[in-house]
Amino acid sequence: MNIFRYFGERVEAAVSGLVSEGVLPPGLDLSRITVEPPRDASHGDLSTNAAMVLAKPAGAKPRELADRIAAKLAGEEAVTEVTVAGPGFINLRLKPAFWLARIPDMLRAGDAYGASDLGTGEAVNVEYVSANPTGPMHVGHVRGAVFGDALANLLEKVGYRVCREYYINDAGGQIEVLARSAMLRYREALGETISIPEGLYPGDYLKPVGQALAATHGKTLLEMDEAEALKIARETAVEAMMELIRGDLAVLGITHEVFFSELSLHRSGAVEKTLKKLEDKGLIYVGVLEPPKGELPDDWEPRPQTLFRSTQFGDDTDRALKKSDGSWTYFAPDIAYHLDKFERGYRTLIDVWGADHSGYIKRMRAAIEGVTGGEAEFDVKVCQMVRLFRNGEPVRMSKRAGDFVTLRDVVDEVGKDVVRFMMLTRKNDAPLDFDFAKVMEQSRDNPVFYVQYAYARIHSVLRNAAETGSYDLSDAALANADLSCLRDEAEMALVRLMATFPRQVEQAALAHEPHRVAFYLDDLAAAFHALWNKGKDDHSLRFIQADDRDATLARLALIRAAARVIAAGLGILGVEPIEEMR
RNA sequence: GGUCCCGUAGCUCAACCGGAUAGAGCAACAGAUUUCUAAUCUGUCGGUUGCAGGUUCGAGUCCUGCCGGGAUCGCCA
């Protein structure tokens, strides 16, 4: 149960009661009414702005209207106290029994706790990673990968039908470089001594590709037309690189449903078809762009080019679709790609990009609006850079000579779960520092540990209970425990926080911000650790009470539910909970 | 120079797409805990939310202009 949604309905009922009594006019817009936890807990359990929002359109004074609504809400079964405060807030306090009744909800829901039908099965496409298939994934790709995956989990959790998608840039110039690099390795595999010139990929990961080419084709590639040979090398290399990348992603626990090839758009004629569509709408023309302001690129010269009228949709300048050699720019097939997603039935398109692509957002948004007639909702989530540290010292990386930290390096060193959690401890558009030492630290400082430790502590208690007493610790049994002895403020604080989880998940999903789940889990862990420590001070608050079976069962139900919530939250982040840490 | 992102406590960051007295952690200081795991907890100190206007009953949040940091800037992807 989402208590905020529930009371949102109760507030609406109170308002429509006032409408039928003639106190309020009919036809009021209720959409801006919110029911939230007040920022300051001393104000109560729930707070609504209904009176302030409705006052003006109803021609009423906010405080007076608040009093009328409050009087109606006071009759609610679960409510113990209603107050009107400040400019017209209505604050509700709920019966402890109402909060406690959420515990069996949680135990019965298990992993599904926090799930909802908010998305009503709507299809959403999340495109993330989409790293060029020119080598293994490096650390720069990790954040977007984790973010996109967690966002997909989050949207699924609240009832969207999510497609996780990867766009393979297998048609550009970098792929030509890859093909040439692979050819070189092929010669090497045939026994030639090679040196890798500047501009080609030097990494050892292309050696197996060269060997595979040699094994399959013998010396025949050397004898055929170079373009023909490069084509074969390219296909083999791209396939091998995608295998590499899929493996890297698997290490992070990421699986895409769709891998979409850029090349397929070229081959199928989808690019031409898409641009024809734009042309028919008068959105394409041949023209000369103004030179960019400020320092000019060295080789700049005015030149007529095929342009998309993205300025018509709010972009700063129109954008080139063809290179001077007549081939497509990156932009052209990308429009076709996004149209393809739309035509596959996705009305909500989410792209996860690195910060270095943020200058591309306006034109893509413009293109999608143009090509779909404004029918698609397009959101780009930009992930800022991750700065690597080792014991506070920045990790130096130079792209030359393959001297970069790979995704596998990081995961091998600290583990998948630590990487995933840490990547979500900052808002996506804020830079993130990742310190190899710090993320392994076992301290309050380290949120991964702190949350995992709360979960482990709970399981420690449960193990202890299983050994020392004859309790039925199944969720089904605990869900039937008499919870009335849970009265302490620390216990209630924990319960209230757990009960807000469904709302937190919904809000995070609507904002496309999975990091909120990570922050919530840190708060939840804090509430649990606080309760634990209170039991040190006051032994009557310990979870296991040898001489009080009812109290023990109630508390085991409480902490078991807390563990369930932590697991549900970690599940969204794609992190495995740990039952024992020693 | 244009565009986008960021600017919140000494430090690292939140703040639920406009709500009440802006919250956590770290650091500092003062305490608790001989444990259901002494990897934890409690308290104190700490703020003109970069600056100046505007919209609003109400602004860290929206708008405008500055200041500062980052990213990016016709054919890379």
Side-chain angles (χ1 to χ4, degrees), chain A residues 32 34 36-40 42-43 47 49 52 55-56 62 85-89 91 130-132 134 169 172-175 262 288-297 299-303 305 307 315-320 322-325 327-331 334 354-362 382 384-385 425-427 429-431 433 441-447 449-450 453-454 456-458 460-465 468 500 503-504 506-508 510-513 515-516 519-520 522-523 526 529-537 539 542-545 555 559 580-582:
Chain A
R32 286 178 58 222
T34 59
E36 302 177 332
R39 219 176 247 181
D40 186 339
S42 69
H43 291 139
S47 175
N49 63 354
M52 291 179 293
K56 192 174 247 183
F89 287 100
N91 295 321
S130 299
N132 290 337
T134 55
N169 300 129
Q174 291 181 20
I175 294 301
E262 177 189 349
V288 180
L289 285 179
E290 291 287 311
K293 298 269 167 68
E295 210 169 321
L296 285 180
D299 58 347
W300 197 91
E301 54 184 79
R303 187 182 288 150
Q305 13 181 22
L307 298 168
D315 199 359
D316 315 295
T317 175
D318 292 335
R319 302 293 179 175
K322 274 186 185 174
K323 301 181 192 174
S324 54
D325 67 1
S327 65
W328 300 117
T329 61
Y330 181 77
F331 186 36
D334 210 11
D356 54 341
H357 286 56
S358 53
Y360 194 77
I361 295 175
K362 278 190 182 178
V382 168
Q384 282 290 342
M385 305 187 40
T425 53
R426 288 285 175 271
K427 222 171 2 187
D429 54 10
D433 291 348
E441 214 172 82
Q442 303 203 324
S443 74
R444 175 67 184 99
D445 238 358
N446 178 2
F449 163 75
Y450 189 70
Y453 185 45
R457 267 186 156 173
I458 290 171
S460 172
V461 177
L462 294 172
R463 282 191 298 271
N464 207 291
T468 59
T500 65
R503 178 172 187 276
Q504 300 272 4
E506 280 191 6
Q507 295 291 334
L510 288 172
H512 298 168
E513 289 185 350
H515 77 275
R516 293 191 194 186
F519 280 93
Y520 169 82
D522 194 83
D523 287 346
H529 287 306
L531 177 59
W532 172 287
N533 252 79
K534 220 169 166 182
K536 288 185 171 183
D537 217 24
H539 285 214
R542 294 194 175 194
F543 304 121
I544 298 174
Q545 299 287 326
R555 287 175 185 161
I559 62 172
E580 189 167 3
M581 302 172 97
R582 285 283 181 184

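The analysis underlying the following values was restricted to heavy atoms, covering all of them including side chains, and did not include hydrogens, waters or symmetry mates. Since the structure is predicted, the reported quantities are computational estimates derived from the model, not experimental observations.
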Q: Determine the interatomic distance between P on B:A14 and the same-named atom on B:C57; round to the nearest Å.
A: 31 Å

Q: Would you mind telling me which of B:U33, B:U3, B:G74 lies closest to the side-chain atoms of A:Gln305?
A: B:G74

(Q) With rounding to the closest Å, how many angstrom separate the P atoms on B:G47 and B:U8? (A) 15 Å

Q: Give the nucleotide from the list B:C36, B:C5, B:G74 with an atom nearest to the side chain of A:Ala320.
A: B:G74

Q: Would you kindly check whether a donor in the side chain of A:Ser47 faces an acceptor in the base of B:A20, or vice versa, at under 3.5 angstrom?
A: yes

Q) Can you check the A:Asp325 CG to B:G74 C1' distance for me, whole Å? A) 14 Å

Q: Under 4.0 Å between any heavy atoms, over every strand shown, what does A:Lys534 touch: base, sugar-phosphate, or nothing? Just pick one.
A: nothing

Q: With heavy atoms under 4.0 Å as the rule, sort A:Pro37 into base, sugar-phosphate or nothing.
A: base

**Q.** Rounded interatomic separation in angstrom, taking CD from A:Glu506 and C1' from B:C17
**A.** 14 Å

Q | Distance between P atoms of B:C4 and B:U64 (Å, rounded) | A | 9 Å

(Q) Taking atom types as they are modelled, would you say the side chain of A:Arg39 forms a donor-acceptor pair with the base of B:G60 within the 3.5 Å cutoff? (A) yes

(Q) Go nucleotide by nucleotide along RNA chain B from the 5' end; which of A:Leu307 and A:Ser130 gets its closest nucleotide reached first? (A) A:Leu307

Q: Look at the side chain of A:Gln507 and decide which nucleotide, out of B:C76, B:A14, B:C16, has an atom nearest to it.
A: B:C16

Q: Taking all heavy atoms of A:Ala355 and all of A:Gln384, pick out the closest pair and write down the distance.
A: CB-OE1, 3.6 Å

(Q) Strictly below 4.0 Å, N to O, side chains only: are A:Arg542 and A:Asp537 in salt-bridge contact? (A) no

Q) Rounding to the closest angstrom, what is the interatomic distance between B:A59 and B:A22 at atom P? A) 13 Å

(Q) I want to confirm an ordering. Mapping A:Ile175 and A:Arg542 to their closest nucleotides on RNA chain B, which one lands closer to the 5' end? (A) A:Arg542

Q: Mark yes or no for a side-chain to base donor-acceptor pair under 3.5 Å between A:Arg503 and B:C16, with no hydrogen or angle criteria applied.
A: yes

Q. When all nucleic acid strands are considered with a 4.0 Å heavy-atom cut-off, which category describes A:Pro87: base, sugar-phosphate, or nothing?
A. base

Q) Would you say the side chains of A:Arg457 and A:His529 form a donor-acceptor pair under 3.5 Å? A) yes

Q. Given that both distances must come in under 3.5 Å, which nucleotide forms a Watson-Crick or G-U wobble pair with B:A30?
A. B:U42

Q: Quick one: label A:Asn91 by what it contacts on the DNA or RNA (base, sugar-phosphate, nothing), any heavy atom closer than 4.0 Å.
A: base

Q: Give a yes or no answer on whether the side chain of A:Asn49 reaches the backbone of A:Thr34 with a donor-acceptor pair at less than 3.5 Å.
A: yes

**Q.** Base-pairing assignment for B:U8 (Watson-Crick or G-U wobble, both under 3.5 Å)
**A.** none

**Q.** Euclidean distance for P, B:G7 against B:C13 (whole angstrom)
**A.** 10 Å

Q) Can you check the A:Leu531 CG to B:U42 P distance for me, whole Å? A) 11 Å

Q. Think A:Lys536 has a side-chain N or O under 4.0 angstrom from the OP1 or OP2 of B:U40?
A. no

Q. With sugar-phosphate meaning primed atoms plus P, OP1 and OP2, does A:Tyr360 contact a base, only sugar-phosphate, or nothing at under 4.0 Å between heavy atoms?
A. base

Q | A:Gln305 to A:Lys322 - nearest heavy-atom pair and separation | A | OE1-O, 4.4 Å

Q) Rounding to the closest angstrom, what is the interatomic distance between B:G19 and B:C5 at atom C1'? A) 26 Å

Q. In terms of side-chain heavy atoms of A:Thr329, which of B:A14, B:A15, B:C76 is nearest?
A. B:C76

Q: Would you classify A:Lys427 as touching base, sugar-phosphate or nothing, given that sugar-phosphate means primed atoms plus P, OP1 and OP2, and contacts are heavy atoms under 4.0 Å?
A: sugar-phosphate

Q | Face-to-face contact A:His357 to B:A77 six-ring, under 5.5 Å, under 30° | A | no

(Q) Give me the distance, rounded to whole Å, that separates B:A24 from B:G43 when you measure between the P atoms they each carry. (A) 9 Å

Q) Ring stacking, A:Phe89 with base of B:A20, under 5.5 Å and under 30°? A) yes

Q | Of the listed nucleotides B:A77, B:U40, B:A32, the one nearest the side chain of A:His529 | A | B:U40

**Q.** B:A14 base / A:His515 side chain donor-acceptor hit below 3.5 Å
**A.** no

Q | Residues A:Glu513 and A:Arg516 bridged, charged N to O under 4.0 Å | A | yes

Q: Just compare B:U72, B:U40, B:C13 and give me whichever is closest to any side-chain atom of A:Asp356.
A: B:U72

Q | Atom pair distance, as rounded to whole Å: CD in A:Glu262 and P in B:C76 | A | 10 Å

Q | Atom pair distance, as rounded to whole Å: CZ in A:Phe519 and P in B:C13 | A | 10 Å

Q) Rounded to the nearest Å, what distance is computed from the CZ atom of residue A:Arg426 to the C1' atom of nucleotide B:G25? A) 10 Å

Q: Answer with yes or no whether the side chains of A:Asn132 and A:Gln174 bring together a donor and an acceptor at under 3.5 Å.
A: yes

Q | Base-pairing assignment for B:G60 (Watson-Crick or G-U wobble, both under 3.5 Å) | A | none

Q: Taking all non-hydrogen atoms of both residues into account, name the closest pair between A:Ser47 and A:Asn91 and its distance.
A: OG-OD1, 3.2 Å

(Q) Under 4.0 Å, heavy atoms only, any strand: does A:Arg463 hit a base, just the sugar-phosphate, or nothing? (A) nothing

Q | A:Ser460 side chain vs A:Ala456 backbone, donor-acceptor pair below 3.5 Å | A | no

Q.
Over all strands shown, is A:Ser460 touching base, sugar-phosphate only, or nothing at heavy-atom distances under 4.0 angstrom?
A. base

Q) Would one find a side-chain N or O of A:Tyr450 under 4.0 angstrom from OP1 or OP2 of B:C41? A) yes

Q. Could a donor-acceptor pair under 3.5 angstrom be found where the side chain of A:Asp523 meets the base of B:A14?
A. no

Q.
From the set B:A20, B:C26, B:C4, return the single nucleotide nearest to any side-chain atom of A:Ser358.
A. B:C4

Q: Return the nearest nucleotide to the side chain of A:Asn132; candidates are B:A15, B:C13, B:A77.
A: B:A77

(Q) Categorize A:Glu301 for me: base, sugar-phosphate, or nothing, with a 4.0 angstrom heavy-atom threshold over every strand shown. (A) base

Q: Starting at atom NE2 of A:His539, determine the distance to atom C1' of B:U33, rounded to an integer number of angstrom.
A: 9 Å

**Q.** Who pairs with B:G74 - Watson-Crick or G-U, where each distance is under 3.5 Å
**A.** none

Q) To the side chain of A:Gln384, which of B:C5, B:A77, B:A20 is closest? A) B:C5

Q.
So A:Ala508, base contact, sugar-phosphate only, or nothing? Heavy-atom distance under 4.0 Å.
A. nothing

Q) Which atom names give the shortest non-hydrogen contact between A:Ser130 and A:Asn169, and what distance separates them? A) O-OD1, 3.6 Å

Q.
Nearest to the A:Arg32 side chain among B:G58, B:A20, B:A77, which nucleotide is it?
A. B:G58

Q) If we take the C1' atom in both B:A30 and B:C45, what is their distance in whole Å? A) 11 Å

Q: Classify the nucleic acid contact of A:Ser443 as base, sugar-phosphate or nothing, counting any heavy atom under 4.0 Å across all strands shown.
A: sugar-phosphate

Q: Using atom CD of A:Gln545 as one end and atom P of B:C36 as the other, report the distance to the nearest whole Å.
A: 12 Å

